[in-house]
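When a ligand or atom number is given, it counts from 1 through the structure's own listing order.
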Amino acid sequence: MIYIGCHLSVTNGYEAMGKTMSRFGGNTFAWFTRNPRGGKTKAVDPADVRALRAHLEREQFGPLVAHGSYTMNLCSAKEETRANGLDMLRQDLARMELLPGNLYNFHPGSHTGQGVEKGIAQIADALNCVLTPQMHTTVLLETMVGKGSEIGGTFEELREIMDRVEFSEKVGVCFDTCHTWDAGYDLVSDPDGVLAHFDEVIGLAKLKAVHFNDSKNACGARKDRHEKLGQGCIGMEAMKRIALHPVFQGLPFILETPNEDEGYIREIHTVLEWQDRV
Ligand code: FE
Ligand code: FE
Ligand code: ZN
């Protein structure tokens, strides 16, 4: 089986997210560790986090997948932006220690003209500043579409980052189906080939989470416009095949489809039905 859920807002606290997801029928979720456009974070109430942890255990949730801010760019040409990104990363990971054993995903970054090699080196340097063997979080690099100067549009780029990270056992990959498709990996005609290639370049052991999105655009379009399940260019049949594929079993799947609550509830139930769990 896979775990299924969607993004929730942390505005009402941590336990509230767990309860909301249980009401939606899911058993994992994602949240932005801070306002997706940056800014300060509220103080955490330890009792609230304890209540969430009890809920997760009671309801047998899978790993949660926190998402770093979109403004965090560890490989910007601007030193100030890089420094801010490193601060956010450090603070976010400190906060994740309150929820041990979960996942923290972020966009590797955009090199903003410095070149891919330099960008990769800067991302790895930043990770080497914050990762420790004692930490209880696995940090995930998200597969990207590779638009503009975005790093992570190929499996090889993600591998290169991980190769330069000292405590690389703390790093994994979040496989965004819309991004991977848009980057040119054909999940419709050849999902097995894509996954075999992933295994060859990165290794399936590094696959820790999935962002489960259909795409508004064709394979290779490099657009990054998510679509509701079955309503995009990947289509329902291919999405179902991915959800039931052996390599993804046991992983948390996070919907980032353009939906309101009702849409997420429907999509969560669709995924549960595929697995004969309703
Ligand atoms: Fe993302
Ligand atoms: Fe994503
Ligand atoms: Zn996206």
- Task: Determine which of the N, O or S atoms in His211 is closest to the Fe ion (ligand 2) and give its atom name.
- Result: ND1
- Item | N/O/S from Cys174 sitting under 2.8 Å away from the Fe ion (ligand 1) | no
- Just give me the atom name: the N, O or S atom of His67 closest to the Fe ion (ligand 1). NE2
- Message: Which residue in the set Asp176, Thr257, Thr177 passes side-chain hydrogen bond (donor to acceptor under 3.5 Å, both in side chains) when paired with Asn213?
- Response: Asp176
- Query: Among the N, O or S atoms that His226 has, which is closest to the Zn ion (ligand 3)?
  - Reply: NE2
- Query: Does the side chain of Asp224 pick up a donor-acceptor pair with the side chain of His179 at under 3.5 Å?
  - Reply: yes
- Task: Return the name of the atom in Glu256, of element N, O or S, nearest to the Fe ion (ligand 2).
- Result: OE1
- Item | Name of the residue among Phe212, Tyr264, Trp31, Phe32 meeting ring-ring contact (aromatic ring centres under 6.0 Å, His included) with His7 | Phe32
- Query: Is there an N/O/S atom in His179 at a distance below 2.8 Å from the Zn ion (ligand 3)?
  - Reply: yes
- Task: Among the N/O/S atoms of Asp224, select the one at the shortest distance from the Zn ion (ligand 3) and name it.
- Result: OD1
- Task: Considering only NZ, NE, NH1 and NH2 on the basic side and carboxylate oxygens on the acidic side, decide whether Glu273 and Arg277 come within less than 4.0 Å.
- Result: no
- Task: To 10°, measure the OD2(Asp176)-the Fe ion (ligand 2)-OE2(Glu142) angle for me.
- Result: 90°
- Under 3.5 Å, side chain of Glu227 to main-chain N/O of Ser215, donor-acceptor pair present? no
- Query: Can you name the one residue among Asn259, Leu272, Ile4 that meets side chain to side chain contact (heavy atoms under 4.5 Å, CB included) with Glu267?
  - Reply: Asn259
